[in-house]
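Okay, so here's the structure we're looking at.
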Amino acid sequence: MSLISQNAVVKRRRDDSSEIENNLHLKTMVSSDPIEVIKNQKKNRRERSEQQNDAKDAAAKQEKKNLTSSLFGLIYSPPVFGAEDGGEGEEEHDASEPVFFVDRSVDADTDRLIYQEDFVSHEKRPAWVDEEDEILNVNIDNTNRLRKMKKVAGKEGLISGIEYASRLRAQHIKLNPGTDWANSEVDDADDSEDESGITITCQNKNSESDDILRSADNLVLKGGERLLPGILEHTRLMDANSVDPSNAPIHSVQFHRNAQLLLAAGLDRRLRFFQVDGKRNPKVQSVFINDCPIRKAAFLPDGSQVIISGRRSFFYNFDLVNAKADKIGPLTGRNEKSLESFEISPDSKTIAFIGNEGYILLVSTKTKQLIGTLKMNGTCRSLSFTEDGKFLLSSGGDGKIYNWDIGMRRCVHVGVDDGSLTGSALCTSPDSRFFASGSSTGIVNLYKKEDFLNSKNKKPLKIVANLTTTVSQVKFNHDAQILAILSSMKTSSLKLVHIPSFTVYSNFPNPNANLKFPKCLDFSPRGGFMAVGNAAGNVLLYKLHHYQNA
């Protein structure tokens with residue numbers, strides 16, 4: 001608070017005091033009663049005290065106002081020129097009047113009005129220009145990585161720095177075409193679909209939905225769920241069974257539906273459970289089956305039990321809740337030597353075992369008893385249930401694919417597998433739209449289920465000929481965008497197929513990676529992990545970066 005303000009307050013206090021004393025003197029002269037005089041004196045002192053308190057409050061408010069004005073500027077206390085704060089020339093400011101004004105004065109050099117719009121340029125100018133680009137020359141023939149910037153075949157020799165920068169920008173746009181959504185000048189009719197099946201919709205620039213700050217639904221739905229072909233972004237993690245590796249081939253790996261538990265089983269007769277986190281992968285439990293080298297182990301889809309089988313006439317049922325293994329079999333009425341291969345229906349009601357002489361044995365998961373049989377013309381080699389569990393596909397030695405109605409216990413369709421002599425692997429996509437069949441020649445045929453069952457033309461959508469030995473397993477991931485195919489008869493014989501474009505990923509497996517002899521694989525429930533068991537007793541673990549969750 002300035003000295004002028006302090007003096008003004010003191011002067012006011014003195015004037016008030018002298019006025020009170022004069023009033024007191026007059027009242028004393030008028031009243032001659034001593035009691036009345038005392039009452040008047042007390043009343044005057046009380047009034048004087050109240051006036052002093054009011055003056056202190058006013059001074060404090062003024063000091064607070066001055067402090068606010070000095071800290072926050074003109075918004076709270078616009079200055080009045082020609083008068084000091086608290087002086088006699090101070091005037092009250094009208095709240096309706098603006099506290100600033102726009103100076104539309106005349107520029108002395110150009111003799112024209114200066115407006116704010118004059119400083120806004122509608123042309124996109126570079127933020128910085130390198131003067132050396134005009135004198136720089138680049139030889140694109142001497143460097144191999146620069147030859148892709150040639151416009152004509154042959155030798156171009158030296159090009160200027162400006163031309164070199166222009167070609168670099170063109171190359172960047174060519175390699176990164178997915179930024180059309182950021183261009184506000186695209187036409188609303190410019191809707192295109194690329195080779196991968198991804199539709200890019202460009203709306204009118206005047207549309208409210210084009211405002212990226214309002215919504216990003218199109219970006220999330222179209223860019224986040226669709227997997228792109230060509231290159232698969234993946235990372236090799238620590239082996240899933242690195243804490244307790246096996247000294248025998250791994251024949252089964254499978255993720256639990258909670259995506260955290262992974263089972264691994266093999267010929268060492270041990271069933272191991274691991275908690276998969278990609279870093280330590282600690283072991284949860286290990287179960288030793290004394291009389292059964294494990295050829296296959298699988299969770300029930302409801303996650304309560306594990307079915308364990310080998311080259312034996314019986315199988316085991318392991319209860320996860322009670323940690324108890326029960327031996328079941330041989331099956332009543334059947335003289336089977338091996339129950340090593342089976343499939344479980346998605347509804348967790350039926351187990352289908354491959355029997356002798358083309359028989360398919362149906363066993364109830366509740367009673368563990370034989371409830372029915374199916375008979376193929378040739379030998380049975382592979383099985384696959386549809387998503388609802390009502391139909392079963394089978395293939396085998398006659399090169400045909402059978403479609404069975406589980407409820408009616410009969411075959412409803414038979415089709416020839418194109419180019420197949422002996423079927424060796426089958427798998428149905430989670431949505432039952434596609435199914436893949438592998439053969440002893442290494443050929444994998446991909447079919448659309450409805451076309452194969454209803455149409456006379458049963459040609460496959462895609463024939464994958466990347467394997468040269470017998471196909472051991474085919475497996476779709478959870479959203480049917482990846483089909484994994486493997487053969488256990490050749491090292492690193494594993495390929496991943498991009499389903500929307502029907503192309504094989506060129507970077508998997510890595511040429512330097514030694515998968516040895518892959519035996520089995522599985523995807524996690526949401527696609528984030530992929531586990532591969534090999535003949536060396538290792539369970540290789542991969543992270544697929546496109547999928548955010550395991």
Side-chain angles (χ1 to χ4, degrees), residues 196-197 229 341-347 350 352 354 358-360 362 374-467 470-487 495-504 523:
S196 63
S341 182
F342 64 89
E343 288 293 328
I344 304 175
S345 62
D347 57 5
T350 307
I354 295 179
Y359 277 96
I360 302 173
L362 304 180
L374 306 173
K375 178 66 171 68
M376 290 175 54
N377 293 332
T379 58
C380 183
R381 301 290 182 85
S382 59
L383 301 171
S384 179
F385 278 94
T386 57
E387 182 187 14
D388 54 7
K390 296 180 180 180
F391 294 91
L392 175 68
L393 298 179
S394 65
S395 66
D398 59 353
K400 296 181 181 180
I401 298 176
Y402 294 76
N403 185 24
W404 303 91
D405 189 326
I406 298 300
M408 300 178 65
R409 303 286 196 274
R410 67 183 181 91
C411 180
V412 295
H413 182 270
V414 179
V416 177
D417 190 7
D418 186 70
S420 173
L421 299 177
T422 302
S424 59
L426 271 179
C427 184
T428 307
S429 64
D431 56 2
S432 295
R433 292 179 55 203
F434 306 100
F435 72 89
S437 64
S439 65
S440 59
T441 59
I443 301 296
V444 177
N445 293 329
L446 181 64
Y447 294 94
K448 191 172 183 179
K449 183 172 177 292
E450 294 297 329
D451 294 345
F452 183 82
L453 298 180
N454 301 327
S455 175
K456 295 181 180 180
N457 183 13
K458 299 179 176 60
K459 294 296 181 180
L461 294 174
K462 177 66 177 179
I463 300 176
V464 183
N466 292 74
L467 303 182
T470 301
V471 179
S472 302
Q473 184 181 3
V474 289
K475 179 73 175 180
F476 286 92
N477 71 334
H478 74 290
D479 58 0
Q481 294 194 77
I482 299 178
L483 171 65
I485 58 177
L486 68 86
S487 174
K495 295 294 180 181
L496 299 181
V497 183
H498 181 255
I499 295 303
S501 64
F502 304 117
T503 58
V504 178
F523 294 96

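Annotation: side chain of Lys462 is not in contact with side chain of Val497 (no heavy-atom distance under 4.5 Å).
By the side chain to side chain donor-acceptor pair (under 3.5 Å) test, Gln473 is found to be paired with no residue, residues two or more places apart in sequence or in another chain being considered. Residues meeting the side-chain contact (heavy atoms from CB on, under 4.5 Å) test with Leu496, sequence neighbours left out: Leu232, Ile482, Ala484, Tyr505, Phe508, Phe523, Met530. Every side chain to side chain donor-acceptor pair (under 3.5 Å) that Ser345 has, sequence neighbours left out, goes to Asp347. Residues satisfying the side chain to side chain donor-acceptor pair (under 3.5 Å) criterion with Asp405, sequence neighbours excluded, are absent altogether. Lys400 pairs by the side-chain contact (heavy atoms from CB on, under 4.5 Å) definition with Asp398, Tyr402, Val414, Val416, not counting sequence neighbours. Partners of Thr428 according to the side chain to side chain donor-acceptor pair (under 3.5 Å) rule, which considers only residues two or more places apart in sequence or in another chain, are Ser384. Every side-chain contact (heavy atoms from CB on, under 4.5 Å) that Asp479 has, sequence neighbours left out, goes to Asn477, Gln481, Tyr547.
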Go through it in stages, so that I can follow the logic: the residues are Lys449 and Thr386, the test is side-chain contact (heavy atoms from CB on, under 4.5 Å), and I'd like the CA-CA distance, side-chain angles, deciding distance and then a yes or no. CA-CA 10 Å; Lys449 183 172 177 292; Thr386 57; 3.6 Å; yes

Check the pair Leu453 / Val412 against side-chain contact (heavy atoms from CB on, under 4.5 Å), numbers first and verdict last. CA-CA 9 Å; Leu453 298 180; Val412 295; over 6 Å; no

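The closest donor-acceptor contact from the side chain of Ser487 to the backbone of Thr470 lies under 3.5 Å.
Here the shortest heavy-atom pairing between Pro430 and Ala480 reads CD-CB, 4.2 Å. Closest heavy-atom contact between Trp404 and Ser394: NE1-OG, 2.8 Å. Closest of all the heavy-atom pairs between His413 and Cys411 is O-SG, 3.3 Å. Nearest approach of Leu392 to Ala352, heavy atoms of both residues: CD2-CB, 4.2 Å. The two residues Ala436 and Val444 make their nearest non-hydrogen contact at CB-CG1, 4.3 Å. Gly423 and Ser420 make their closest contact through N-OG, 3.8 Å (heavy atoms, listed as atom of the first residue, atom of the second, distance).
Annotation: salt bridge (charged side-chain N to carboxylate O under 4.0 Å, His left out) contacts involving residues 434-448, sequence neighbours excluded, are absent. Judged as a salt bridge (charged side-chain N to carboxylate O under 4.0 Å, His left out), the pairs with a partner in residues 411-423 (not counting sequence neighbours) are, in order, Asp418-Lys459. Residue pairs meeting the salt bridge (charged side-chain N to carboxylate O under 4.0 Å, His left out) criterion with at least one member in residues 429-439: none, sequence neighbours excluded. Sorted by first and then second residue, the ring pair (Phe, Tyr, Trp, His ring centres under 6.0 Å) pairs involving residues 418-444 (not counting sequence neighbours) are Phe435-Tyr447, Phe435-Phe452. Here salt bridge (charged side-chain N to carboxylate O under 4.0 Å, His left out) pairs that include residues 375-390, with residues two or more places apart or in two chains, number zero.
Defined by atom type and a distance below 3.5 Å, a donor-acceptor pair is missing between the side-chain atoms of Ser424 and Ser440.
Screening Asn466, Leu486, Val464, Leu483 against Lys495 for a side-chain contact (heavy atoms from CB on, under 4.5 Å) leaves a single residue, Asn466.
For the atom pair Ile354 CD1 and Ile360 CD1, the distance stands at 7.5 Å (nearest 0.5 Å). Summarising the geometry, atom CD1 belonging to Ile406 is positioned 5.5 Å from atom CG belonging to Leu374; distances are rounded to the nearest 0.5 Å. Residue Ile443 holds its CD1 atom at 7.0 Å from CD1 of Ile463, rounded to the nearest 0.5 Å. Remark: Cys427 SG to Leu393 CG distance equals 10.0 Å, nearest 0.5 Å. With rounding to the nearest 0.5 angstrom, the CD1 atom of Ile485 is 11.0 Å from the OG atom of Ser472.
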